[in-house]
Structures are given as structure tokens and as C-alpha cells.
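Just so we're on the same page: letters track the sequence lines, and every chain starts at 1.
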Amino acid sequence: MTNKTTQVVTRFAPSPTGYLHIGGARTALFNWLYARHTGGKFLIRIEDTDRERSTPAAVDAIFEGLDWLGLKGDGDVVFQHSREQAHKDAVAELVAKGRAYACFMTVEETDAAREEARAAGHALRSPWRDRTPTTEQLQQPHVIRFKGPLDEPLVIDDAVQGEVRFNTKDLDDLVLLRSDGTPTYNLAVVVDDHDMGITHIIRGDDHLNNAARQSLIYMALGWDVPKFAHIPLIHGPDGAKLSKRHGAQAVGDYAEMGYLPEAMRNYLARLGWSHGDDEIFSDEQAIAWFEIADINRAPSRLDFAKLGSVNAHWIRACDPDRLLGLVTDALRHRGQAHVGADATQDVLRRTLPLVKERAQTLVQLADLVQFALIERPFGLDEKTLALMTEETVGRLKRLHEQLAAWSDWSTEGTDVALKKFLENEGVGMGKVGPVLRGILSGGHPAPDISKIFASLGQAETLARLDTAVFL
RNA sequence: GUCCCCAUCGUCUAGAGGCCUAGGACACCUCCCUUUCACGGAGGCGACCGGGGUUCGAAUCCCCGUGGGGACGCCA
């Protein structure tokens, strides 16, 4: 735990140009975990300084993703766009301090100068860096650039990556205000993080270079540089950067595939962070254990097999009523609109506990429950039909008789009934099992036969037997 | 091309100089359980990228190489 005098404040700052990416989700999770761990605050800021690419739909999508994941911000959401004036004020201050300047290069000139600078072994330097423009010149279109040190060592003390050494000769004088007067990302981030009191910036590795530039701005403004923690990116199963061809990228995709948010949190937290050999842990445990020092430095790959096994655990641990609701939703989602009916809900309530240990996702669970939901009369598959010899039919009729008189329809009870029947018949389960399964399940995947009995209930079991045997 | 980061089983990882003949999880294989498919149980396969140092001793520290990744915008 950190000391009480300076409360930890973390933030998640996505740019609303699309859905909430799985990598972004983990970044958000780490920020959230660290804030919870330290008793600090977790804030959300929408980085919409690029008005062209930012859309309200994307903002909604991001919040939908965060809500589903259960990651709520502690304060009001900050929209970066709304803080334009603060950004401009900071730039004015930098100009006044001689730490920023007007640059009149055109885009073409800038490109050429950049080429030239690279060839010379350093970053872009504007010829306007040391000129004082006249009042007339200032009427012309221009950008405001940061005036960084030309050739000095710069060390970023990163909580994950350690001491990262740069030289300012490789850092160009980045644009603070565009020629239309709007602030750029690198400037806005610094001003907002400072004003929001962010103490720890936990974000993707791809920002490590920005950290160098940003820290220069902090220092120029005379502000404390927050603690940086750059976490490695998540890669696809093939080790390449996560992209469309890897399939699911949006957290919404994972919801749709039937993963539980708590499973997602568990899996994502374990991806790139560890607490010894612990694999399955609750939110409370993750919060208690989460230290930035335990975040790994190497990028990690997404592994659906492992995600599935973690999800299977949380499906089993899921509260029955909640699971019923989730499966009902999944069934509706696939077009089974009638599943909300009381009778169907009863069937599901009985069936779910009997099959839930077989599923890795809610979608699989929805499949596993189909055998109980199909409506009579349904045909028998060929395999089952082939088993319906005269001898078997006679046997099934006797079974029907015995079951009709049996009262205990718990799984254990029907198991006893079945065993007794087999004993009386003097045959093994192999003689009856396959055909009975076919008749009762309609060819759908189904659990043990006694569990099928318990799931269907006496009336439905007898009815299904009836239609098969007497057709 | 320049700058930066990274490197333990197929994957996620444990490991902070001797506890390591390198541990766990997922995946995979075998067997058991069994009416199907699963679940479960018992085993098994399987890694310190390479080369130099430092040290009595290195997966752990240093250097070089190689291989991955990221960044080089008036995008964020």
C-alpha cells in the first residue's frame, strides 16, 4: 500500500474511434485494480481531440464494454474536447516561458526537413525554433511547437520497464497546437493528467516513446511527472499484433461468445500479471494482490483454450438464478423467443445444474440445454431408429410402466429406478442406454440418463417414451 | 533506416546467484470412471534463444549476436 497522504489516482483514457478493444480492456482493468488496491481513484477520460475520427457511437460502445466488464469510473467522465481552453492556456504559458514557439513550415516543408534531419541522425528541428516572428508573420497560418532540449540524456523511470534511457536528439519538437488552433494529443494528455491529479499512468507499451516527450512537457510546465507504467501489448495466438484476422477484438464479442465478465477479468488480469501460481481468483483477491511490480515485461498472447477453462470455472461458480438469466438471454439471442415462459424457465432451472459443468461458455450451455427444450413430437435419428427392434420396444414399454409408477424423480431416485429395471430385465446399461438416450434427447447432446429423467420430469419423460414406442 | 522495449515448456507464467535433476495452469497424449459427450481421478510429453564474460556457483548479473514487438504524424 502507498502512503495515505498522496492518494493514488489512475485513469483509463481511450480514444473513441471504435469499440472497446480487448487490449484496452486489460489496460482499464489494471488501472482499476491498482486504484482499488491502493484505495485510490480510477478515472475515465475520453480522448476526443480528433473530432474527425471520434464518434458518439464509439463513446457509447466503450462505456458499454466497460459496464459489461464491471469497471466503473470513480468520478465524472472527462471529455478531452471540453478542456480545450485549459490546453491552450498551458501552451500560452509555454510560449511565455520560451518553451514553445510558432513554426511556419508548411506540411511539405516539414516532411522534407524531417527527411533531412533523419539523414543527419537526429529528429526534426524547425528553423523557427530560434526565430522571433513579427506580428505580421503571426497572422500567417502556423503551428505551435514544443521547444525541447537538443541533445540531453533523458531517463524515464517506468514502474514496469525500469529505467528507460532516451536522448532528446531523437525527440522532435512536437506540435502542441495545430494550425487551426486545436490542441494535439500529447499536449492534451499532459494537461489533463495533471489537472485530474493522475498519479499513475498505466497504459500500453506503444506509448513508451510518448512518455519521454510528455515528461519534457511536464518539466517545462514545472509540474511533477506522474509515475509511468507501460504494460506490454496483447498479441494474437500467432504472436502478431492483434488484428481483425484474429477474430474477436471487441469486448462485446466476448460477451456474445458467452464469456462471463468475472471470467474475463480473471483471465485478463492473469495475462501479463501474476501472483505466484494463482490462476483462478476473485476480484477481491486480485485487488488485494495487485502490484505494478508484478506486471510482466514481455507481450503475451491471447489463448482461447485457457480463457475457456477459466470461464468454465466461473460458470460453475455462478449463482443459479443469475445463470438462468444469462442462459435465457443467450437462448433469446439465438432466436428462441419462447424461453421466458414459466414452464420453460422451470425446465431450465432444473436442467442447468445438471449440465453446467460441461460448458465452457454460455453459448455451449445454451446448446447443452436444447435436449430439454425441444417439443414433441420430434422424429428419431437413424441411429436410434435402427436400435428399435421388437425386443427393445417391448423392453421400453415395460420401462414406461415401471417409471409411471415411480415417484422419486430426483437424479438419485431415477438412477435407482433405472438400476432396478435393468436388474429385472437381466441386461446391462448398454442394451438400453443408447436407445433411451436417443428417444429422450432427440439426438441433442445430453447428460447421464438419470439426469435426463430429472431434467425432463416424469410427465415429459413418459410422454417422450410414449411417442417413440407407440408410434 | 533511426530510437525504444522484450526473450523460461505449444500458450500464460513461477523463478529476484545456490532451495532448480526449473514448479504451476491451459493445451496435448495414455490410463481409470462410463450408455454418448463431457466432468472428475491417476500418470506422461514438454522450456531457461545463441555466444562470450562476472562468480566457488547463473534461468537469474554484464556484453555481443539473433529473434520478436513498439514508436518515429498538424492520429490518439
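The only option from A:Arg114, A:Arg129, A:Arg99 that meets the salt bridge (charged side-chain N to carboxylate O under 4.0 Å, His left out) definition with A:Asp173 turns out to be A:Arg129.
Between atom CD1 of residue A:Ile201 and atom CZ of residue A:Phe12 there is a gap of 14.0 Å, rounded to the nearest 0.5 Å.
A:Val175 comes within 4.0 angstrom of sugar-phosphate atoms only, judged by non-hydrogen atoms across all strands, and of no base. When heavy atoms are screened at a 4.0 angstrom cut-off, A:Arg437 is found touching base atoms of the nucleic acid. When heavy atoms are screened at a 4.0 angstrom cut-off, A:Ser179 is found touching base atoms of the nucleic acid. A:His122 comes within 4.0 angstrom of no nucleic acid atom, judged by non-hydrogen atoms across all strands. A:Leu233 comes within contact range of the sugar-phosphate backbone alone, with a heavy-atom separation under 4.0 Å but no base atom that close. Note on A:Pro447: a base of the nucleic acid sits closer than 4.0 angstrom, heavy atoms only.
Judged by closest nucleotide on RNA chain B, A:Arg316 is the one of A:Arg316 and A:Thr106 placed further toward the 5' end. Nearest-nucleotide positions on RNA chain B place A:Ser309 closer to the 5' end than the other of A:Ser309 and A:Ala446.
The stretch residues 270-290 of chain A comes close to RNA chain B through A:Arg270, A:Leu271, A:Gly272, A:Ser274, A:Gly276, A:Asp277, A:Glu279, each having a heavy atom under 4.0 Å from the strand.
A close approach under 4.0 Å does occur between a side-chain nitrogen or oxygen of A:Asn296 and OP1 or OP2 of B:A14. Taking side-chain N and O atoms only, A:Arg165 has no distance below 4.0 Å to OP1 or OP2 of B:C4. For B:C74, neither phosphate oxygen OP1 nor OP2 lies less than 4.0 angstrom from any side-chain nitrogen or oxygen of A:Thr110. Contact check, A:Arg145 against B:C74: a side-chain N or O comes under 4.0 Å of OP1 or OP2. A close approach under 4.0 Å does occur between a side-chain nitrogen or oxygen of A:Arg297 and OP1 or OP2 of B:C6. Residue A:Thr49 places at least one side-chain N or O closer than 4.0 Å to OP1 or OP2 of B:A76.
Centroid-to-centroid, the aromatic rings of A:Tyr101 and A:Trp128 stay 6.0 Å apart or farther. In this structure, A:Phe30 has its ring center under 6.0 Å from that of A:Phe290.
A donor and an acceptor atom, one from each side chain of A:Asp180 and A:Thr182, are located under 3.5 Å apart. Between the side chains of A:Thr351 and A:Ser455, at least one donor-acceptor pair of N or O atoms lies under 3.5 Å.
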List every contact pair, protein side and nucleotides 29-34 of chain B side both N or O, where the distance is under 3.5 Å.
none

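Listed by first and then second residue, the ring-ring contact (aromatic ring centres under 6.0 Å, His included) pairs that reach into residues 417-443 of chain A come to none, sequence neighbours excluded.
Here, B:G46 and B:C56 have their P atoms 35 Å apart, quoted to the whole Å.
Residue A:Ile452 contributes atom CD1, which lies 13 Å from atom P of B:U35 at whole-angstrom precision.
With B:C3, B:A38, B:A76 as the candidates, the nucleotide lying closest to the side chain of A:Asn186 is B:A76.
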